[in-house]
Amino acid sequence: MADITPMPLLTGRPAPPGGQFLPLFSTFVHPSAQQRVAEVLQTTFLSEGKLVKEFEARLASELGMVHPAALNSGTSALHLALEVAGIGPGDEVILAPQTFIASAITIVQVGAKPVFADIQYETGNIDPADIEHRITKCTKAIMAVHWGGYPCDMAEIQAIATRHGLIVIEDAAHSPGATYQGQPIGSIADFTCFSFQAIKHLTTGDGGALCARDPERAREVFRRRWFGIDRANSPMNEVGEREYDLTDVGYKYHLSDYAAALGLANLDGFDDRMAVRRARVAQYHAGLQNVPGLTHFTHQPDRESAHWLFGFHVENRLAFIRALKSKGVASSVVHDGIDHNTLFGGKRPELTRQRRFDNTQIHIPLHDALTAEQVDYVIDVINQGW
Ligand SMILES: *Cc1c(COP(=O)(O)O)cnc(C)c1O
């Protein structure tokens with residue numbers, strides 16, 4: 001992970017506009033958040049309550065998410081999706097290694113095995129053409145990670161899943177606000193998992209959401225995010241205990257009202273923030289058109305990225321990172337292919353595009369505090385070469 005703390009530059013060095021080191025990420029806190037969170041603290045109703053409901057209602061109405069259940073992290077969303085999908089010991093889930101370990105660790109947590117498919121070198125997303133021959137009688141699901149916010153080839157993935165009776169789970173940690181063939185991410189697959197962690201572009205500090213398209217499964221998500229108790233239908237009896245019968249394992253995965261208050265504040269103007277992100281990305285693209293040694297990721301016109309990251313491929317990457325750093329600009333791979341971890345079985349040399357991606361991918365600053373002048377500066381720095 002990149003250093004997200006802005007640092008003053010040493011004097012005598014060329015400095016970005018503002019004179020501060022340009023970090024890869026910033027954490028966005030809407031100005032109204034102070035007041036909104038303070039109000040929750042004043043009520044002393046801190047845990048899951050009406051603000052969580054209001055947050056979920058706005059995720060649905062403003063971002064097009066279907067049955068969103070607000071949770072305490074994106075990792076909880078992935079774990080609960082796998083649980084509700086009925087995936088367990090002996091099962092296999094196919095995913096791409098280009099992601100954060102949360103995607104695969106939750107598969108291990110439910111007792112299943114992550115099976116890695118290769119990526120498209122041009123996007124970092126799973127290559128649908130590399131999925132089918134990895135399907136065995138143990139395969140239960142495909143997990144599609146939208147790298148950097150750019151949606152995977154969902155139609156192709158869904159077609160494979162339908163052919164083989166598999167569940168599709170989207171790790172959409174990077175992609176609230178993205179669309180695929182006109183549909184919002186969060187409305188397409190069986191399950192979609194979002195993260196509202198601090199450096200993600202819609203944050204509740206820590207938090208997440210799980211969307212289950214099927215209403216029955218969605219009810220199960222809401223029940224099992226809180227121990228497996230159906231909160232809405234378990235009235236208090238006269239002696240002061242909720243009436244319920246626990247039938248399966250649940251978790252303590254719900255979001256809190258004070259976190260929801262931050263999320264509600266950060267939803268204000270979300271579309272405008274996304275429009276600014278798109279403008280910064282367009283500026284980067286225009287300014288980095290013909291840079292020797294730099295190859296852009298590709299984008300299809302049928303989908304809109306959430307632009308959590310701005311990445312591309314570079315030759316001589318270490319020199320690139322050092323050149324940017326010396327001029328006050330952060331750059332980072334963010335994550336290498338996670339398959340190298342011992343827990344996941346160790347590095348797979350046969351995933352040749354992932355291995356190439358590991359060697360050449362790089363990301364430069366893209367966040368809500370980034371100004372157009374700063375983007376121009378980064379463009380200049382890169383055009384000077386490395
Ligand atoms: C951030 C992230 C997660 C986990 O989200 P948390 O909210 O931190 O638990 C999962 N998958 C990917 C790809 C992520 O980047």
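Since the structure is predicted, the reported quantities are computational estimates derived from the model, not experimental observations. Residues: numbered from 1 along the sequence shown. Quick note: numbers below take in every heavy atom, side chains included, and nothing from hydrogens, waters or symmetry partners. Just follow the structure's listing: the first ligand is 1, and inside any ligand the first atom is 1.
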If you measure from each non-hydrogen atom of Thr75 to ligand 1, which part falls under 4.0 Å: side chain, backbone, both or neither? both
Phe196 versus ligand 1: do any nitrogen or oxygen atoms come within less than 3.5 Å of each other? no
Give me the residue, atom name and distance of the protein heavy atom closest to atom 2 (C) of ligand 1. Lys200 NZ, 2.6 Å
Contact with ligand 1 for Gly207, non-hydrogen, under 4.0 angstrom: yes
I'd like to check which ligand 1 atoms, numbered from 1 as shown, lie under 4.0 Å from a non-hydrogen atom of Gly74. 5 (O), 6 (P), 7 (O), 9 (O)
What I'd like to find out is whether the side chain of Arg355 reaches to under 4.5 Å of the side chain of Phe357, using heavy atoms alone. no
Taking the hydrophobic residues Ile, Leu, Val, Met, Phe, Trp and Tyr, and joining any pair whose side-chain heavy atoms are under 4.5 Å apart, which ones share a cluster with Val145? none
Heavy atoms, side chains only, cut-off 4.5 Å: are Tyr284 and Pro365 in contact? yes
Under a 4.0 angstrom heavy-atom cut-off, which atoms of ligand 1 come close to Ser73? 7 (O), 9 (O)
Regarding ligand 1, does Trp308 bring an N or O atom to under 3.5 Å of one of the ligand's N or O atoms? no
Could you pull out, from Asp171, Asn72, Asp206, the option with a heavy atom nearest to atom 10 (C) of ligand 1? Asp171
Do you know which of Arg273, His30, Arg280 makes side chain to side chain donor-acceptor pair (under 3.5 Å) with Asp368? Arg273
Taking Asp130 for the side chain and Asp127 for the main chain, is one N or O donor matched with an acceptor at less than 3.5 Å? no
Can you tell me if Tyr150 uses its side chain to pair, donor with acceptor, with the backbone of Ser175 under 3.5 Å? no
closest protein heavy atom to atom 15 (O) of ligand 1 is His174 NE2, 2.6 Å
Suppose we measure from atom 8 (O) of ligand 1 to each protein heavy atom; which comes out shortest, and what is that distance? Gln197 CG, 3.5 Å
Counting each atom of ligand 1 from 1 as listed, which ones have a heavy atom of Thr99 under 4.0 Å away? 13 (C)
Atom CD of Gln42: over 12 foreign heavy atoms under 6.0 Å: no
Considering only non-hydrogen protein atoms, determine which one is nearest to atom 12 (C) of ligand 1 and report residue, atom name and distance to 0.1 Å. Ala173 CB, 3.4 Å
Tell me whether the guanidinium CZ or amine NZ of Arg224 lies under 6.0 angstrom from the six-membered ring centre of Tyr253 and within 45° of its axis. no
Nearest option to atom 5 (O) of ligand 1, as decided by whichever heavy atom of Gly149, Ala77, Ser195 sits closest: Ser195
Is the shortest distance from a Lys or Arg side-chain nitrogen in Asp118 or Arg353 to a carboxylate oxygen in the other one below 4.0 Å? yes
